S.K.: 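Starting off with a structure, shown below.
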Number of protein chains: 2
Amino acid sequence: MTTLKELAALLNISVSTVSKALNDSHEISENTRIRVKELATKLNYKPNRIAQQLKTNKTKTIGVILPTVTNPFFAEVLHGIEMAATNNDYDIIVCLSNETLHKEKRSLELLSNGSVDGFIMAVARESQVKNETSHIKDTINNKLPVLMFDRVVNDIDCNKVIVDDFKSVYEATEHLIINQHRKNILLVSNIEELSVGKLRIEGYTKALEDHNLKPEILKLDNAVDLDVEKRIYNYLKENVAIDAILSVDHVTGIVAINMAKKLGRNIPEDLSVVGFGYEHTQLLSSPKISIIHQKAHKIGEMSTKLLIDTINDEDLKWQTIVVPSELKLNESVK
Amino acid sequence: MTTLKELAALLNISVSTVSKALNDSHEISENTRIRVKELATKLNYKPNRIAQQLKTNKTKTIGVILPTVTNPFFAEVLHGIEMAATNNDYDIIVCLSNETLHKEKRSLELLSNGSVDGFIMAVARESQVKNETSHIKDTINNKLPVLMFDRVVNDIDCNKVIVDDFKSVYEATEHLIINQHRKNILLVSNIEELSVGKLRIEGYTKALEDHNLKPEILKLDNAVDLDVEKRIYNYLKENVAIDAILSVDHVTGIVAINMAKKLGRNIPEDLSVVGFGYEHTQLLSSPKISIIHQKAHKIGEMSTKLLIDTINDEDLKWQTIVVPSELKLNESVK
DNA sequence: TTGTATGCGTTATCAT
DNA sequence: ATGATAACGCATACAA
């Protein structure tokens with residue numbers, strides 16, 4: 001890699017002159033500036049980022065710690081983060097906690113050595129279940145700003161970007177009750193240990209209570225694939241009164257549709273199905289599932305912008321941004 | 001952040017002594033080593049990574065450039081990359097090209113300033129279609145090793161990790177012909193402009209020719225969601241003789257199953273469906289789609305290991321690793 | 001207008 | 001066993 005020193009030697013001028021010329025300092029003559037720039041272009045000079053980082057004590061890099069990236073929600077959030085980061089001349093270092101506490105902790109500690117200017121993270125399942133979050137507090141005390149999205153820790157004071165989990169599910173449930181006249185709405189969940197899962201279940205429960213209906217919940221507690229199918233199938237088979245299904249994750253809704261069809265139910269006439277979903281979810285189901293569409297991309301973008309603002313303005317007050325979800329109905333439902 | 005200098009000042013010894021003590025140099029007395037380490041632990045000292053990078057001229061960081069991460073294949077590859085990188089004490093900086101040439105080029109150039117020790121990439125759709133790859137060659141000439149996976153550029157000499165696209169589709173097609181006695185096999189594709197799409201189509205075509213059957217291909221050229229459904233539906237409706245569908249991407253196979261069911265076809269009795277798929281693909285279809293399972297996670301892992309080997313051994317010869325796929329049949333198919 | 005000197009935090013070489 | 005010094009590549013305050 002070409003360095004300032006090399007350029008200086010070739011041009012028989014000092015390193016600082018070269019540096020200033022390249023940075024368009026007004027104290028450099030037109031003539032030398034041009035000479036320097038020409039040679040720089042010719043030799044494809046690029047300022048060494050590491051040296052700049054050491055000098056300025058800014059990395060222009062964000063640490064992104066995700067529980068997983070095979071879940072389409074997090075993949076889409078990552079997409080949003082990457083776009084916003086790029087637009088603001090930031091890089092992202094991505095770590096995956098695989099939902100484990102120790103990996104999350106390790107990533108946070110490893111990058112807290114000057115590698116990044118701040119973190120965007122969604123808390124790992126294990127950390128949330130064990131309510132073990134001291135590593136996150138340590139990071140913040142270490143003067144590294146942390147922004148949490150989606151899965152957040154309530155008693156940590158920091159920037160947050162969350163989804164209106166309670167509200168969106170409450171409203172979707174009300175929609176089923178009021179507009180579609182459903183009375184036996186089953187909630188299916190395989191994320192009931194997560195903060196978001198709890199909130200969604202609460203939204204559903206509250207809506208049913210408000211309309212004097214009885215909650216009915218099938219908890220799959222993170223079961224594996226085939227089990228999911230079987231358990232939903234059996235449940236539907238034995239509970240024929242069910243006229244609507246509300247899935248609080250992004251996969252059991254589609255499975256429910258497939259199982260209901262297998263049992264000969266007519267969708268959406270006899271049975272309404274609502275799930276959480278993302279960009280391509282609806283393409284994969286037939287008939288189309290209605291989805292609560294989380295603006296995952298937007299969550300990523302807003303998280304990034306907010307974190308960068310915080311990095312650049314130390315005494316900016318923490319805030320919590322709620323990104324509203326959108327209920328996208330199956331077209332054939334009126 | 002605590003620095004060596006601060007530790008030295010507090011202990012009234014020199015910076016170099018502190019450095020040596022922390023690095024377990026044998027020329028430091030037991031006594032001071034312990035004192036130094038105790039204080040370091042107490043103050044939570046961590047060597048500044050940026051300074052180390054500047055000193056050693058190694059970043060221990062890999063640049064990962066992906067076309068997208070919402071495609072589950074790339075998400076799973078990323079997962080594999082991240083795991084292998086972590087196991088080897090490497091970080092990854094992730095950039096998404098969004099399938100565009102200019103973003104891919106920009107990412108490559110931006111990170112070629114000392115930010116990373118090498119690259120792992122899958123070529124963007126646009127770059128591949130326009131066959132514009134000089135930016136990649138430039139990077140390699142710049143002494144930064146590049147490893148390409150999945151979508152590769154043939155006339156660039158570098159490490160490659162690829163899937164046996166031709167072979168896996170050839171064999172899947174033969175399976176349909178020989179074991180399932182299918183004669184009218186439709187190939188559905190929405191990735192025919194990609195190198196992998198071309199290879200898969202060739203594998204299919206060759207298999208049909210070898211068995212004296214007529215190829216029948218539905219090219220969707222990257223159509224949008226609703227269009228995909230409609231076109232597959234119409235095609236199946238008008239071509240009742242079709243007794244097998246081979247999808248060369250990870251989504252049209254599931255759509256085909258749904259459309260075929262809508263048309264009253266019996267799967268797998270009257271119609272076999274094979275697609276490409278990943279971890280959760282089969283859960284989303286009913287009846288289960290048969291899939292050509294690409295070992296995406298393994299591709300990511302092997303790519304990372306190979307790149308790190310190359311980084312650490314300059315004159316290691318380039319190699320091309322083929323990661324075989326596995327045909328996972330629908331259980332009900334014998 | 002150009003050049004010299006210093007420092008970012010670390011490690012390595014060479015004194016003491 | 002410990003310390004002084006230089007160097008990585010860059011930016012900048014200060015001389016000239």
Side-chain angles (χ1 to χ4, degrees), chain A residues 1-37 39-40 43-61 89 110-117 142-144, chain B residues 1-37 39-40 43-61 89 110-117 142-144:
Chain A
M1 273 196 14
T2 315
T3 66
L4 288 183
K5 198 195 278 187
E6 289 169 28
L7 294 179
L10 286 170
L11 293 166
N12 269 316
I13 56 179
S14 77
V15 172
S16 61
T17 304
V18 177
S19 172
K20 287 172 188 168
L22 290 173
N23 290 313
D24 289 316
S25 165
H26 37 274
E27 48 183 63
I28 296 294
S29 75
E30 183 74 8
N31 192 348
T32 52
R33 199 176 25 152
I34 294 181
R35 277 176 62 220
V36 170
K37 288 204 172 178
L39 186 63
L43 298 188
N44 192 26
Y45 168 80
K46 284 179 209 128
N48 182 307
R49 184 110 166 302
I50 305 296
Q52 281 180 325
Q53 290 175 356
L54 185 62
K55 182 76 188 160
T56 61
N57 202 27
K58 295 249 178 263
T59 63
K60 296 275 263 177
T61 303
D89 289 318
L110 242 46
L111 294 182
S112 294
N113 59 357
S115 296
V116 300
D117 294 340
N142 210 15
K143 298 296 169 208
L144 275 174
Chain B
M1 273 195 15
T2 315
T3 64
L4 288 184
K5 196 195 278 186
E6 288 169 28
L7 294 179
L10 286 169
L11 292 166
N12 270 315
I13 56 179
S14 77
V15 171
S16 52
T17 304
V18 177
S19 171
K20 285 173 188 168
L22 290 173
N23 289 313
D24 288 316
S25 165
H26 38 275
E27 48 182 63
I28 296 295
S29 74
E30 181 75 7
N31 191 349
T32 52
R33 198 174 27 152
I34 294 180
R35 279 176 61 221
V36 170
K37 288 205 174 179
L39 187 63
L43 297 188
N44 192 27
Y45 168 80
K46 285 179 209 129
N48 183 307
R49 185 113 166 298
I50 304 296
Q52 283 180 324
Q53 290 175 356
L54 184 62
K55 186 72 189 160
T56 61
N57 202 25
K58 294 246 179 265
T59 63
K60 295 275 262 176
T61 303
D89 289 317
L110 241 45
L111 294 181
S112 295
N113 60 356
S115 296
V116 301
D117 294 340
N142 210 16
K143 297 295 170 206
L144 275 174

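Treat the numbers as computed from the prediction; the structure is a model and nothing was measured. Chain letters run A, B, ... following the sequence lines, proteins first and then strands; every chain starts at 1.
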S.K.: Could you pick out which residue, B/Val18 or B/Lys55, lies toward the 5' side of DNA chain D when each is mapped onto its nearest nucleotide?
M.R.: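 Counting from the 5' end, the first nearest nucleotide belongs to B/Val18.
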S.K.: Can you figure out which of D/dC10, D/dG3, C/dG3 approaches the side chain of B/Ile13 most closely?
M.R.: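 Closest nucleotide among those given: D/dG3.
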S.K.: Atom CD of B/Gln53 to atom P of C/dC8: distance rounded to whole Å?
M.R.: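 These atoms are roughly 19 Å apart.
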S.K.: In terms of side-chain heavy atoms of A/Asn48, which of D/dA13, C/dT11, D/dC10 is nearest?
M.R.: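 Comparing D/dA13, C/dT11, D/dC10 against the side chain of A/Asn48, the answer is D/dC10.
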S.K.: Within the side chain of A/Asn23, is there an N or O that forms a donor-acceptor pair under 3.5 Å with the backbone of A/Ser25?
M.R.: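 Not confirmed, A/Asn23 side chain does not pair with A/Ser25 backbone.
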S.K.: Starting at the 5' end of DNA chain D, which residue's closest nucleotide do you reach first, B/Asn57 or B/Ser25?
M.R.: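 Taking each residue's closest nucleotide, the earlier one in sequence belongs to B/Ser25.
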S.K.: For the pair made of NZ in A/Lys5 and P in D/dC8, what is the distance, rounded to whole Å?
M.R.: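 Computing the A/Lys5:NZ to D/dC8:P distance gives 4 Å.
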S.K.: Could you tell me whether the side chain of B/Lys20 has a donor or acceptor atom within less than 3.5 Å of a complementary atom in the base of D/dG3?
M.R.: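 It does, because a donor-acceptor pair links the side chain of B/Lys20 to the base of D/dG3 below 3.5 Å.
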S.K.: Which nucleotide sits closest to the side chain of A/Ala51: D/dC10, C/dT10, D/dG3?
M.R.: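 The closest nucleotide is D/dC10.
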S.K.: Where the side chain of A/Asn142 meets the backbone of A/Leu144, is there a donor-acceptor pair that is under 3.5 Å apart?
M.R.: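 Pair absent, no side-chain N/O of A/Asn142 close to backbone of A/Leu144.
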S.K.: For A/Leu11 and C/dG3, what is the distance between atoms CG and C1' respectively, to the nearest whole Å?
M.R.: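 Interatomic distance, CG of A/Leu11 to C1' of C/dG3: 15 Å.
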S.K.: Determine whether B/Asp24 and B/Lys37 satisfy the following criterion, salt bridge (Lys or Arg N to Asp or Glu O under 4.0 Å), listing intermediate values before the conclusion.
M.R.: CA-CA 10 Å; B/Asp24 288 316; B/Lys37 288 205 174 179; 2.7 Å; yes
S.K.: Figure out the CG/C1' separation between B/Asn23 and C/dT13, and round it to whole Å.
M.R.: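 Those two atoms, CG and C1', are 15 Å apart.
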S.K.: Nearest whole Å is fine: how far is C/dT16 P from B/Ile28 CD1?
M.R.: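 Interatomic distance, CD1 of B/Ile28 to P of C/dT16: 18 Å.
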S.K.: Starting from the 5' end of DNA chain C, give me the residue, A/Ser29 or A/Leu54, whose nearest nucleotide shows up first.
M.R.: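 Looking at DNA chain C, the more 5' nearest nucleotide goes with A/Ser29.
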S.K.: Select one nucleotide: of C/dT11, C/dT2, D/dC10, the one nearest the side-chain heavy atoms of A/Thr32.
M.R.: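 Of the options given, the side chain of A/Thr32 lies nearest C/dT2.
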S.K.: Rounded to the Å, how far apart are A/Glu30 CD and C/dT2 P?
M.R.: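 One finds 11 Å between P of C/dT2 and CD of A/Glu30, rounded.
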S.K.: Of the listed nucleotides (D/dG3, D/dC14, D/dA11), which one gets closest to any side-chain atom of A/Gln52?
M.R.: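 The closest nucleotide is D/dA11.
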S.K.: Tell me whether the side-chain N/O atoms of A/Ser14 come closer than 4.0 Å to OP1 or OP2 in C/dT2.
M.R.: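 For C/dT2, OP1/OP2 do not have a side-chain N/O of A/Ser14 under 4.0 Å.
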S.K.: Just the rounded figure in Å: distance from P of D/dG9 to CG of A/Leu22.
M.R.: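 In whole Å, D/dG9 P and A/Leu22 CG are 16 Å from each other.
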S.K.: Taking only N and O in the side chain of A/Thr3, is any of them less than 4.0 Å away from OP1 or OP2 of D/dG9?
M.R.: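 Looking at the OP1 and OP2 atoms of D/dG9, neither is under 4.0 Å from any side-chain N or O of A/Thr3.
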S.K.: Per the side-chain hydrogen bond (donor to acceptor under 3.5 Å, both in side chains) rule, which among B/Asn57, B/Thr61, B/Thr59 passes with B/Asp117?
M.R.: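 Testing B/Asp117 for a side-chain hydrogen bond (donor to acceptor under 3.5 Å, both in side chains) against B/Asn57, B/Thr61, B/Thr59 leaves exactly one candidate, B/Thr59.
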S.K.: Consider only side-chain N and O atoms of A/Ser29 and A/Thr32, and report whether a donor and an acceptor are under 3.5 Å apart.
M.R.: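 There is such a pair between these side chains.
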S.K.: Once you round it to whole Å, what is the distance between P of C/dT10 and CG of B/Leu4?
M.R.: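 That distance rounds to 4 Å.
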S.K.: State whether B/Thr17 places a side-chain N or O below 4.0 Å from either non-bridging phosphate oxygen (OP1 or OP2) of D/dG3.
M.R.: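 So the side-chain polar atoms of B/Thr17 do come within 4.0 Å of the phosphate oxygens OP1 or OP2 of D/dG3, strictly under.
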